[in-house]
Q: 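Encoded as structure tokens, here's the structure I'll be asking about.
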Amino acid sequence: MKIATWNVNSLRVRLPQVVDWLEVHQPDILALQETKLSDEEFPQEAFGDRGYRAVYSGQKTYNGVAILCRQEPQDIVTDLPNLEDPQRRILGIRLGDICLLNLYVPNGSEVGSEKYVYKLDWLARVKDYLQEALAEYPKFIVLGDFNVAPGDGDVHNPEIWHETILCSTPEREALKKILDLGFHDSFRLFGQEGQSFSWWDYRGGAFRRNWGLRIDLILISKALVPKCTGCAIDKEPRCLQRPSDHAPVIATFA
DNA sequence: ATGGTCGTGAAACGA
């Protein structure tokens with residue numbers, strides 16, 4: 001089984017790349033973030049024609065999440081009972097005894113800003129939800145654009161990024177509280193090449209210089225750890241013309 | 001590195 005996540009930064013623009021990528025990699029599940037499409041505009045046929053069911057929670061211009069999968073998804077969740085949020089950033093499904101939560105965590109703009117406070121509160125509420133959900137469904141996957149680099153090893157230059165947005169201690173603590181529920185960062189279960197990132201700024205030739213951060217994560221519950229056989233970042237789509245600023249991440253399971 | 005980039009949507013704003 002292959003499960004992937006990709007912040008596409010506009011599914012309208014990236015649709016041909018996503019379709020190509022699906023055909024090459026054949027994941028069982030692909031979680032998308034920043035689709036930037038209303039549900040009426042979602043290109044369901046492009047995926048249906050290729051054997052994927054699609055669920056989505058979209059909005060115009062900003063945010064928007066979707067899940068493409070081979071199996072019929074059940075128990076679709078777009079809003080958490082403890083988190084009232086007009087921004088479409090959350091999409092949960094159940095596939096048999098496995099639950100999956102796709103997140104587009106708020107960016108937070110700047111440490112100390114109003115958006116930063118919203119981000120930390122948002123993460124705390126997601127944590128509370130996951131605590132209950134995990135108790136009911138021990139096989140759980142939380143994946144997406146977390147907009148937090150878990151540690152300095154996930155940052156090209158920790159001195160430049162020290163206590164800045166995506167790397168500040170409160171953001172990392174909020175992420176750690178989710179991990180402490182019993183989740184593992186699948187990427188770190190395996191040996192990786194030094195300096196692996198999933199996002200590079202469009203500006204300043206950041207990708208060419210490998211000035212990136214690893215902020216796109218696939219967290220798996222303890223029950224799934226023995227099943228997980230690998231996790232990798234696919235940098236290839238980031239090399240294409242008109243790329244997303246994020247690369248897809250894929251976890252494989254026996 | 002503090003944007004010399006994108007995406008959206010038609011000017012700034014968000015990332």
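Here the structure is a predicted model, which means the values were calculated and not measured. So you know, we letter chains A, B, ... as the sequences are listed, proteins then strands, and number each from 1.
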Q: How far does the C1' atom of B:dA15 sit from the matching atom of B:dA1, given to the nearest Å?
A: 15 Å
Q: Take a 6.0 Å sphere around CD of A:Gln87 and say whether it holds more than 12 heavy atoms from other residues, nucleotides or ligands.
A: yes
Q: Taking for each residue the nucleotide of DNA chain B with the nearest heavy atom, is it A:Ser109 or A:Lys60 whose nucleotide lies nearer the 5' end?
A: A:Lys60
Q: Which nucleotide in the set B:dC13, B:dA1, B:dC6 lies at the smallest distance from any side-chain heavy atom of A:Tyr62?
A: B:dC13
Q: Ion pair present between A:Lys177 and A:Asp128, side-chain N to carboxylate O less than 4.0 angstrom?
A: no
Q: Rounded to the Å, how far apart are A:Glu114 CD and B:dA15 P?
A: 13 Å
Q: Can you check the A:Asp201 CG to B:dA15 P distance for me, whole Å?
A: 13 Å
Q: Please state the P separation for the pair B:dG3 and B:dT8 - nearest whole angstrom.
A: 24 Å
Q: Would you kindly give the CG-to-C1' distance between A:Asn63 and B:dG14, to the nearest whole Å?
A: 10 Å
Q: Taking the nucleotide of DNA chain B with the nearest heavy atom to each, does A:Leu37 or A:Glu34 sit closer to the 5' end?
A: A:Leu37
Q: Which whole-number value in Å describes the distance from A:Leu213 CG to B:dA15 P?
A: 15 Å
Q: Look at the side chain of A:Arg12 and decide which nucleotide, out of B:dT5, B:dT8, B:dA1, has an atom nearest to it.
A: B:dT8
Q: Can you tell me the distance, in whole Å, between the CH2 atom of A:Trp211 and the P atom of B:dG3?
A: 14 Å
Q: Examine B:dG7: is either OP1 or OP2 under 4.0 Å from a nitrogen or oxygen in the side chain of A:Thr61? Give yes or no.
A: no
Q: Is the number of heavy atoms from other residues, nucleotides or ligands within 6.0 Å of CD (A:Gln26) greater than 12?
A: yes
Q: Report yes if at least one side-chain N or O of A:Arg242 is closer than 4.0 Å to OP1 or OP2 of B:dT5; otherwise report no.
A: no
Q: Any base atoms under 4.0 Å from A:Trp161, or only sugar-phosphate, or nothing? Heavy atoms, all strands.
A: base
Q: Quick one: A:Arg209 CZ to B:dG4 P, roughly how many Å, whole number?
A: 14 Å
Q: Rounded off to whole Å, could you give me the OH-to-C1' distance for the A:Tyr118 and B:dG14 pair?
A: 13 Å
Q: Is it true that A:Asp97 and A:Lys139 have a side-chain N and a carboxylate O under 4.0 angstrom from each other?
A: yes
Q: With a 4.0 Å cut-off, would you call A:Asp245 and A:Arg203 a salt bridge?
A: no
Q: How far, in whole Å, is B:dA11 from B:dC6 if one measures between their C1' atoms?
A: 16 Å
Q: Apply the side chain to side chain contact (heavy atoms under 4.5 Å, CB included) test between A:Ile90 and each candidate in A:Asp85, A:Val126, A:Asp79; give the one that qualifies.
A: A:Val126
Q: Expressed in angstrom and rounded to an integer, what is the separation of A:Gln241 atom CD from B:dC6 atom C1'?
A: 14 Å
Q: So, OP1 or OP2 of B:dG14: does either fall under 4.0 Å of a side-chain N or O from A:Lys115?
A: yes
Q: Can a side chain N or O of A:Lys36 be found less than 4.0 Å away from OP1 or OP2 on B:dG14?
A: no
Q: Can you find a donor-acceptor pair, distance only, under 3.5 Å between A:His246 side chain and B:dA15 base?
A: no
Q: Would you indicate which nucleotide in B:dA15, B:dG9, B:dT8 comes nearest to any side-chain atom of A:Arg89?
A: B:dA15
Q: Side chain of A:Asn9, heavy atoms from C-beta onward: which of B:dA15, B:dG7, B:dA1 has the nearest atom to it?
A: B:dG7
Q: With rounding to the closest Å, how many angstrom separate the P atoms on B:dG4 and B:dG9?
A: 23 Å
